[in-house]
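The structure appears right after this line, and notes come after that.
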Amino acid sequence: MSMKQIVSIILFFLINQFLFSKDWNINMYFKLEDTRKIIVNQNEDYVQFYATANWEDSFGDYGILDCMGNMVVIKNNPGSSLYALCNGKNQNKDKFIVKFERSSDDIDSGIGYSTFLNGTGKYKDYLGLKCPYAVKFFEDRTFFKKKCKL
């Protein structure tokens, strides 16, 4: 096989990947239901939380989430780290578990990644899918925008 044929094959696969990949946009609206805090010292808090959410996506699906997680908040540097797991389901009762992780310099907003850990129905195909998300907080509400490449 010549170098020209190899390059042509590689370009073919790259172009197909680009042309046939879809963006999957998801908007989530979380409400904190319960929080517990341990003040580690003057500079650091450890927070556990339980939250519920509604979501909708760019394919017309919608559903609910139940989440548990924790945050470490550093007061001198207004940053935080977050780790949470959520059980979700859509209107067709397809279920999934997704993990959210984030380290941020700003506690009120930030960018992180979510990873699909498990799923039924259509979500079985998303196992291991890692998607960036942006988050913004307002009082006891949290607004997420997530964009996945399928």
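Side-chain atoms are counted along with the backbone in the values below, which use heavy atoms only and exclude waters and symmetry mates. Quick caveat, the model's predicted, so the values are computed rather than measured.
Under the rule for a side-chain contact (heavy atoms from CB on, under 4.5 Å), the partners of K147 that lie at least two apart in sequence or sit in another chain are D23, N25. With sequence neighbours left out, the salt bridge (charged side-chain N to carboxylate O under 4.0 Å, His left out) criterion links D125 to no other residue. Judged as a side-chain contact (heavy atoms from CB on, under 4.5 Å), and not counting sequence neighbours, the contacts of C148 are W24, I26, L129, C131, K146. Taking the salt bridge (charged side-chain N to carboxylate O under 4.0 Å, His left out) definition, one finds that K31 meets it with D140, sequence neighbours left out. For the side-chain hydrogen bond (donor to acceptor under 3.5 Å, both in side chains) test, no residue two or more places apart in sequence or in another chain qualifies with S58. F49 pairs by the ring pair (Phe, Tyr, Trp, His ring centres under 6.0 Å) definition with nothing, not counting sequence neighbours.
Within the structure, the salt bridge (Lys or Arg N to Asp or Glu O under 4.0 Å) test picks out no pair touching residues 112-121 (sequence neighbours left out). Pairs passing the disulfide (SG to SG under 2.5 Å) check and including a residue from residues 41-70, sequence neighbours excluded, read C67-C86. The salt bridge (Lys or Arg N to Asp or Glu O under 4.0 Å) analysis of residues 84-100, with sequence neighbours excluded, yields the pairs K99-E101. Applying the salt bridge (Lys or Arg N to Asp or Glu O under 4.0 Å) test to residues at least two apart or on different chains, the pairs with a partner in residues 39-64 are K37-D45, D45-K75, D61-K122.
Between the CE atom in M71 and the CD atom in Q48 there is a gap of 12.5 Å [rounded to 0.5 Å]. Rounding to the nearest 0.5 angstrom, the gap separating the CG atom in L82 from the CZ atom in F100 is 9.0 Å. Atom CD1 in I64 sits 9.0 Å away from atom OG1 in T52 (nearest 0.5 Å).
Apart from M68 itself, the hydrophobic cluster it occupies contains Y50, where clustering links Ile, Leu, Val, Met, Phe, Trp and Tyr at side-chain heavy-atom distances under 4.5 Å. Counting Ile, Leu, Val, Met, Phe, Trp and Tyr side chains that sit under 4.5 Å apart, directly or through other members, Y83 shares a hydrophobic cluster with L85, I97, L117.
Taking the side chain as every heavy atom from C-beta outward, F116 and L127 never approach each other to under 4.5 Å. Side-chain contact between L32 and D34 is absent, with no heavy atoms from C-beta onward closer than 4.5 Å. At least one side-chain heavy atom of F30 sits less than 4.5 Å from a side-chain heavy atom of L65. Between F143 and R141, some side-chain heavy-atom pair lies under the 4.5 Å cut-off. Side-chain contact between V47 and N70 is absent, with no heavy-atom pair separated by less than 4.5 Å.
Using bins of under 30°, 30° to 60° and over 60° for the plane-to-plane angle, the ring pair F96/W55 lands in the perpendicular bin.
Under the 4.5 Å side-chain contact rule for hydrophobic residues, Y29 and F138 share a cluster.
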For a side-chain contact (heavy atoms from CB on, under 4.5 Å) check, start with the C-alpha distance between Y46 and V73, then their side-chain angles and the critical distance, and finish with the verdict.
CA-CA 6 Å; Y46 176 80; V73 179; over 6 Å; no

Kindly indicate, with the supporting measurements, whether the criterion ring pair (Phe, Tyr, Trp, His ring centres under 6.0 Å) is fulfilled by Y133 and Y113.
CA-CA 6 Å; Y133 70 84; Y113 288 92; 7.7 Å; no

